[in-house]
**Q** 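Okay, handing you the structure first.
Owing to the predicted nature of the structure, the values given are computational and were not obtained by experimental measurement. Lettering of chains follows the sequences in order, A, B, ..., and the numbering in each one begins at 1.
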Amino acid sequence: MKFKNNSLLLVLSAVLFVLASPIAVVAQNLDPANLLKPRADSWPIYHGDYSGRRHSTLRQITQQNVANLTLAWAFQTKDKGSEIKSSPLLVDGVLFFTVPDNVWAVDARSGQMIWHYNRPSTQGQHIGHRGVAMYKGWLYFTTPDCHLISLNAKDGTVRWDKTYADVNQGYWATMAPLVVGNHVIAGVSGDLDNLVGYLRSFDPETGKVQWQWNSTPPAGTPNATTGGMTWMTGTYDPELNLVYWGTGNPTPVLNGTTRPGDDAYTCSIVAINPDTGALVWGFVVSPHDTHDWDAVETPVLVDADFHGQPRKMLMQTSRNGYFFVLDRVTGKSLLTAPFGPVNWALGIDKQGRPIPNPDKEPAPDGRLIAPDEGGMTNFRAPSFDPKTGLFIVDAHPSYSIYFAKPADGTYGWAGADYGVWGKGVIEAIDYQTGKIRWSHEVGPDGAGAGVLTTDSGLTFTGDAFGNFLVLDTSNGKTLWHAGTGEQMQSSPITYELDGRQYVVAGSGGVLFAWALPQSFATGTH
Amino acid sequence: MRRFRNIAMLVAVTAWLVLVCKDTPTHAAARAVAGAAQAAGDAVQDSPGGKSYAANCAICHGDHLEGNLPAFPPLTGVGHHLNDQQITDIIQNGKGVMPGNQDVKGDELAALLRFLASADESTAKPDAGGAAGAHPSDLAQKGGVLFQQNCAFCHGRDTMGGESGPDLTQSKIVLADVNGDKIGEVVRAGRPEKKMPAFNFSAPELESIVAFIHAQEALAATRKGDRRGVAVADLQTGDAAAGKRYFEGAGGCVKCHSPTGDLAGVAKRHQGLDLEERMLYPEGAKSKVTVTQPSGKTVAGTLAYLDEFTVALRESDGEYHSWLTARVKYKVDSPVDAHVDLFGKYTDADIHNLMAYLQTLR
């Protein structure tokens, strides 16, 4: 009888569980705890984990066996003209990735499609899309016309759809939101108009707005800037409960006359409380920018020694050509050093910020500027390798000419600029000194691939010719490569399923999964 | 006990529901299309061809053949660039994302083709001079929508320049273009050396974009003194004599160039921004390479390709050869690198002076 009672209890609790949380049972499900410490069989956040280091502890693929790396599968989006610029998420064996207007769910073992969500939109820039965010069984997808859409991860059906910026004013969206606790944090794009950049936080269940943080004062404020778009995914320190986000350039873009001063918080790194949206500190990476150098590149969070002292640091290789190390508790500078040719600053001020040279502002007869407007690096992610202390980034030494004259006005772009030369170099920066420990040339104009490192001393990236590269993290030497037929515009990810390590990277319209042969990986045939 | 059985049944039913849900993923897009089909039902003409169009085509191409760009091209004027056989082929075998439909055949197919042709005549405006039968302003408007989505980020919303992309209303290519013959080429192939990607637009889409660009070009031409962008007049601030000294001295230009040789008349061939860009870095300049094969035999030619793994050249007769870099020795002679070396040395005044000097070489 006792046994019977127990089994009855068990059945009852099972029924109650099923009735109380049907979603949890039927859906692809992301345990919120996994966001704090992602398992090896997952890649649940845009950057893999909250730190943005894009470093994996996986070590099945090694310097010794990488020569055997082979194609596990390839998935073709067949979406005309759209290059994959997103980082997939991996949860419960399913990859979720995007191009503008489209989300795919693909089996991470086989590369077979599970579902495809397509929502054609005619408004907003369709220049790229970075990916989705996930909370429990739900995905969050931004659209070119500025909707935030919650999809059922199980089948791609829409749960809710919220407009979060006005596409008619000139906003658009490309970014992958960041989930922190019960907040879905989304940012906006919009460079063609004088608009205020902002972050907005949503309730993951209902889509209700929780808070909004604005980068700048309202448009029309005298002598104030607009801009500061929030178009890349930030990072998060659970201990400090701070979200770190990079903000974009000020507007008007190339003409700074109507916005004297630093133009905070454009071209900045900001620390924000994810529960309230309150700014805790801000650091202006490019004071009074006139070259379109968004500071949205990953704010990478590293806990390590700095000059003999343990530090909670934030590192960014910024589009303006400088590598920044900040104390992320206080937002104070620890190190600022260029990581390629820069010619627009007079020096570094006491706060660790480059001092813009007024003679290098865009002018009617042109100014030669390094780097170019695409910057010394851009949205593709860098990686921090803890063992070597190297910050590895796809750098773009480059020169361009910048023009601005009264006829260009003070709205939107407000000038013109032309890249004249550039090249791609994978650089390994010593974070203690800012010195470049090694560099590996990846071709003319620039490469564009992001970087991933693993505990086995490997660096995964791509070159300007469309080769997927595996380098030795300690010296940058090439260990393996494969031509993908198109320049990679995405950042690779890695995960382990059934004892086999995969490295996944989009190139052109194809998602490639590389792995050791099954027999190597699992010791069986 | 009965209670227990009820609970057990409830569990079973719930489990079944869960399984059913799991096994039948619903595709949001497919559902949206089904919804659109209902809305489309009542609008198209009553003829047999019209009915066939409503049943098979209107979902995507619109009740009035207006299309829904960028995914679904308009079919107004489809007869201008496709014949009946080509249209039949697309209907039956599909194209791109469009599925084929083998069920449309015989009388129904003939009626549908007639309907497409008649719809074309009724919408065409012969006096408008627009391609594909649509009024140019409509066409430009359609193109404008596509331009905003795909081109505006780089070229600006009004085509007059933006993030990294040049002002198209002052572009040589646009000025020389006739009905998309030049623009189409660039859009379809891209300009990899300038980082412009290739776009895969359908012919009607491209036509509309071209119409939009030319409409903007006409608009820009009406603005006289306050043209945005870089005018030839803006690039006249240098001192030609100082430029000549730089050319012969610090710049080291005379190592490769001569004002009476390769640069004679250069200011006639290139002006303004075009000249300045070429001066700073002559895009597409060729390098020479000599490859020494394992046998010791050397082959020389114009460098055709070089990455870490492969080197390729073209011999003077056009013959193409490639080798794995690991198996040969090679030496590249790239005089254009002298331009790169100057970037770190130039002052802005050096550039303006050099520009002034080159503009005297007419």
**Q** What residue in Tyr418(A), Trp172(A), Trp421(A) has the most heavy-atom pairs under 4.5 Å with chain B?
**A**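 Counting heavy-atom pairs under 4.5 Å, the top option is Trp421(A).
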**Q** Check whether Ile401(A) gets within reach of chain B through its side chain, its backbone, both or neither, counting any heavy atom under 4.5 Å.
**A**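 Ile401(A) touches chain B through side-chain heavy atoms alone.
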**Q** Going by the rule ring-ring contact (aromatic ring centres under 6.0 Å, His included), which residues pair with His396(A) if we only count those two or more places apart in sequence or in a different chain?
**A** none
**Q** Contact part of Asp292(A) toward chain B, heavy-atom cut-off under 4.5 Å: side chain, backbone, both or neither?
**A** side chain
**Q** Quick check on Glu373(A) against chain B: is it the side chain, the backbone, both or neither that has a heavy atom closer than 4.5 Å?
**A** side chain
**Q** Heavy-atom distance under 4.5 Å to chain B: side chain of Lys423(A), backbone, both or neither?
**A** neither
**Q** To the nearest 0.5 Å, what is the distance between CD (Glu361(A)) and CH2 (Trp344(A))?
**A** 11.0 Å
**Q** Between CG of Leu139(A) and NZ of Lys154(A), what distance do you get to the nearest 0.5 Å?
**A**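 Answer rounded to 0.5 Å: 12.5 Å.
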**Q** What part of Asp417(A) lies closer than 4.5 angstrom to a heavy atom of chain B: side chain, backbone, both or neither?
**A** both
**Q** Tell me, out of Pro166(B), Cys154(B), Gly165(B), Gly156(B), who's got the most heavy-atom pairs with chain A below 4.5 Å.
**A**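 The candidate making the most pairs under 4.5 Å is Pro166(B).
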**Q** With chain A as the partner, which of Ile351(B), Leu273(B), Leu235(B) has the greatest number of non-hydrogen pairs under 4.5 Å?
**A** Leu273(B)
**Q** Checking heavy atoms, do the side chain of Glu441(A), its backbone, both or neither come under 4.5 Å from chain B?
**A** backbone
**Q** If you measure from CH2 on Trp480(A) to CZ on Phe468(A), what distance do you get to the nearest 0.5 Å?
**A** 6.5 Å
**Q** Which atoms of Leu306(B) come close to chain A, meaning under 4.5 Å heavy atom to heavy atom: side chain ones, backbone ones, both, or neither?
**A**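 Only the backbone of Leu306(B) comes within 4.5 Å of chain A.
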**Q** Just how far is it from atom OG1 of Thr169(B) to atom CG of Asp158(B), taken to the nearest 0.5 Å?
**A** 8.0 Å
**Q** Between Leu469(A) and chain B, with a heavy-atom cut-off of 4.5 Å, which part of the residue counts as in contact: side chain, backbone, both or neither?
**A** side chain
**Q** Is the CD atom of Gln76(A) crowded by more than 12 outside heavy atoms at less than 6.0 Å?
**A** no
**Q** Less than 4.0 angstrom from a charged side-chain N to a carboxylate O is my criterion; do Asp341(B) and Lys345(B) meet it?
**A**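 Result for this pair is no, no salt bridge flagged.
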**Q** Who wins among Gly422(A), Gly483(A), Gly446(A) for the most heavy-atom pairs under 4.5 Å with chain B?
**A**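 Most pairs with chain B among the choices: Gly446(A).
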**Q** Let me know if Asp372(A) has heavy atoms under 4.5 Å from chain B in its side chain, its backbone, both or neither.
**A** neither
**Q** Would you kindly say whether Asp307(B) and Tyr305(B) are connected by a side-chain donor-acceptor distance under 3.5 Å?
**A** yes
**Q** Measure Ala231(B) against the heavy atoms of chain A and call it side chain, backbone, both or neither at under 4.5 Å.
**A** both
**Q** So which part of Glu276(B) gets closer than 4.5 Å to some heavy atom of chain A, the side chain, the backbone, both or neither?
**A** side chain
**Q** Under 30°, 30 to 60°, or over 60°: which ring-plane class applies to His291(A) and Tyr402(A), parallel, tilted or perpendicular?
**A**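 It falls in the perpendicular class, over 60°.
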**Q** If only side-chain N and O atoms count, and only distance matters, is there a donor-acceptor pair under 3.5 Å linking Asp101(A) with Ser121(A)?
**A**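 On atom types as modelled, these side chains qualify, holding a pair under 3.5 Å.
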**Q** Chain A: which of Glu277(B), His352(B), Arg278(B) shares the most heavy-atom pairs with it under 4.5 Å?
**A** His352(B)
**Q** One thing to verify: whether Lys405(A) and Asp234(B) come together as a salt bridge, which I'm taking to mean a side-chain N less than 4.0 angstrom from a carboxylate O.
**A** yes
**Q** Sort Gln148(B) into side chain, backbone, both or neither according to what part of it lies under 4.5 angstrom from a heavy atom of chain A.
**A**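 For Gln148(B), the backbone is the part near chain A, not the side chain.
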